[in-house]
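Note: hydrogens, waters and symmetry copies are ignored here, and every other heavy atom, side chains too, is used. In listed order, ligands and their atoms are each counted from 1.
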Amino acid sequence: MKKQVMVPAEELERQKEYMTLCRQELTARFGEARSPLALVRSFGCQQNVSDGEKLRGMLAEMGCGFTEELGEADIVLYNTCAVRENAEQKVFGIVGQATHRKAVKENLLIGLCGCMTQQAHVAGKVKQSYPGVDFVLGTHALHRFPEILHGVLKSSGEGRRKRAFAVEESDGVIAEGLPVRREGGVRANLPIMYGCNNFCTYCVVPLVRGRERSRRSADILREARELIALGYKEITLLGQNVNSYGKDLEDDLSFPELLEAVNALPGDFWIRFMTSHPRDCTKELIDTIAHCDKVCSHIHLPVQCGSDRVLTAMNRHYTRAQYLDIIDYARKTIPDVNFTSDIIVGFPGETYEEFLETVSLVEEVGYSSLFTFIYSPREGTRAARMEDPVPYEEKNRWFQQLLEVQRDRGMTYYETCVGRTLRVLVEGEGRLKHGILSGSEPADGQCVLMGRTAHNMVVDFFGPRSLIGGFADVTITEAANWALAGRLADGALAD
Ligand code: SAH
Ligand code: SF4
């Protein structure tokens, strides 16, 4: 691995010292009577959620507690997503609300971080039009959060408010050993790599997250062991394209080898991973998933569209036939495998006939669920410069058509689950959804629980709260309105 990718240990030590200094400054600013409360909100993908957990980890080291309420917060941090325009607009609206809070709470601190801030035009807009924002932290500056926050706190403590904009250009770094404060105690995200080299023509991620860089497997395995020891029952290995894990490392593991190594760790837990790029989804990987008993039988395999011409224009490097071959091989190899996918409707120049190829692919594969998006032009990407003659309203009609097809196709999949007894990981209390489980009440001492199967289906069922955080066998009794309901399998509560 290129050495400069790793943030040096001395630099991380320096940031630790800043955490101590921030603790002092925060006490000076908010008083000793209580811990300052931080609101950290992450938008977008699991990578952002994971970064948010690091920001919380650093804030906890600085003595902060946490809140979800803007009205209670002393520090507000929005960890933004730049993948689509509507995500950006939402953030600007929310930032506006937070800055208004300053009228009643003068010492409120507001920070912006994540993918949006790494774009020069966004950082410029915040600088000019959102004077209430105290600091902006680009994706490559995450580990420098303590230093940046300290600069802001110190300057305002000295009566000369200084805003900070840390948005350096970089191919990206890896900072090991930052404190992490995870949300929930059952499922954990474990980043194995950062950045992306694929440059799909519509996508801003490589521009804001830098080049692909893999963590050393020893660091990943150490963290996985810690998570298992802490009682986590599901680990999701994260990366923009996990299948290319390790390609930038010398003498280290490939992704299938890493899966085997995590699978070999002792303990009763499940392994998931995302996202898998079809271009690099090899037979070796599928064989590995099949023989690793802890790796879940669910593959999120974004196809984006079903037309070869559009796939080429997107720079996806696979054809429809190659994609369907992978699906076919996986179905033959991995018992009970389930697929989900991402789809973009209305890529520049896409015709209705080409869109119908996406529809037919969706019908052919039979995904349990889909994440569907209308194409959104992103500054700096190749697609943003392509001719895009189809009006948004027309694309929206296509989009609705696809949703309808998926509604039927997805339900067919849900119905195949009825009558089966499946192992679920019980994540927490469930919600009584849309009449499912209706007509019945939990027995004394029981409540509605929510569990997830290995193939990533959510199931509501009645059971004691003590099951939360463990595995249980549930017999599926109903499928309706995008939900499954079941009952604890006979003998599941035997001991
Ligand atoms: N690295 C992952 C996910 C990246 S972003 C992958 O390659 O699958 C998540 C999803 O957002 C993408 O799969 C794509 O479907 C969607 N997306 C990305 N850029 C988009 C854009 N400009 N407009 C609409 N959807 C987009
Ligand atoms: Fe974006 Fe493509 Fe990279 Fe996914 S693989 S992050 S869609 S460039």
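The side-chain tip of K90 does not point at the ring of F43 from less than 6.0 angstrom away and within 45° of straight on. In this structure, K395 fails the cation-pi test against Y375, since its NZ or CZ atom is not both closer than 6.0 Å to the six-membered ring centre and inside 45 degrees of the ring normal. A cation-pi arrangement is not found for R409 relative to Y367, the charged atom failing to lie both closer than 6.0 Å to the ring centre and inside a 45° cone about the ring normal. A cation-pi arrangement is absent between R213 and Y194, since the terminal nitrogen or guanidinium carbon is not both under 6.0 Å from the aromatic centre and inside a 45° cone about the axis.
Taking a heavy-atom cut-off of under 4.0 Å, ligand 1 is surrounded by V83, R84, Y202, Q240, T275, P302, Q304, R316, D342, I344, F373, I374, Y375, S376, R378.
Under the ring pair (Phe, Tyr, Trp, His ring centres under 6.0 Å) criterion, W398 pairs with Y352, F355, sequence neighbours left out. Under the side chain to side chain donor-acceptor pair (under 3.5 Å) criterion, E169 pairs with no residue, sequence neighbours left out.
Atom numbering of ligand 2 starts at 1 in the shown order; those under 4.0 Å from a heavy atom of R316 are 2 (Fe), 7 (S).
Counting only N and O atoms by type, the side chains of E88 and T80 include no donor and acceptor under 3.5 Å apart.
Among all non-hydrogen protein atoms, the one lying nearest atom 7 (S) of ligand 2 is Y202 OH, 3.4 Å.
A donor-acceptor pair is defined here as one N or O able to donate and one able to accept, closer than 3.5 Å; no such pair exists between the side chain of D171 and the backbone of R211.
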(request) Test R420 against D336 for salt bridge (Lys or Arg N to Asp or Glu O under 4.0 Å), laying out the working first. (result) CA-CA 12 Å; R420 301 182 61 193; D336 207 23; 3.0 Å; yes

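Exactly one of M314, R378, R382 qualifies for a side-chain contact (heavy atoms from CB on, under 4.5 Å) with Y202. That residue is M314.
Near atom 3 (Fe) of ligand 2, less than 2.8 Å away, sit the protein N, O or S atoms C196 SG.
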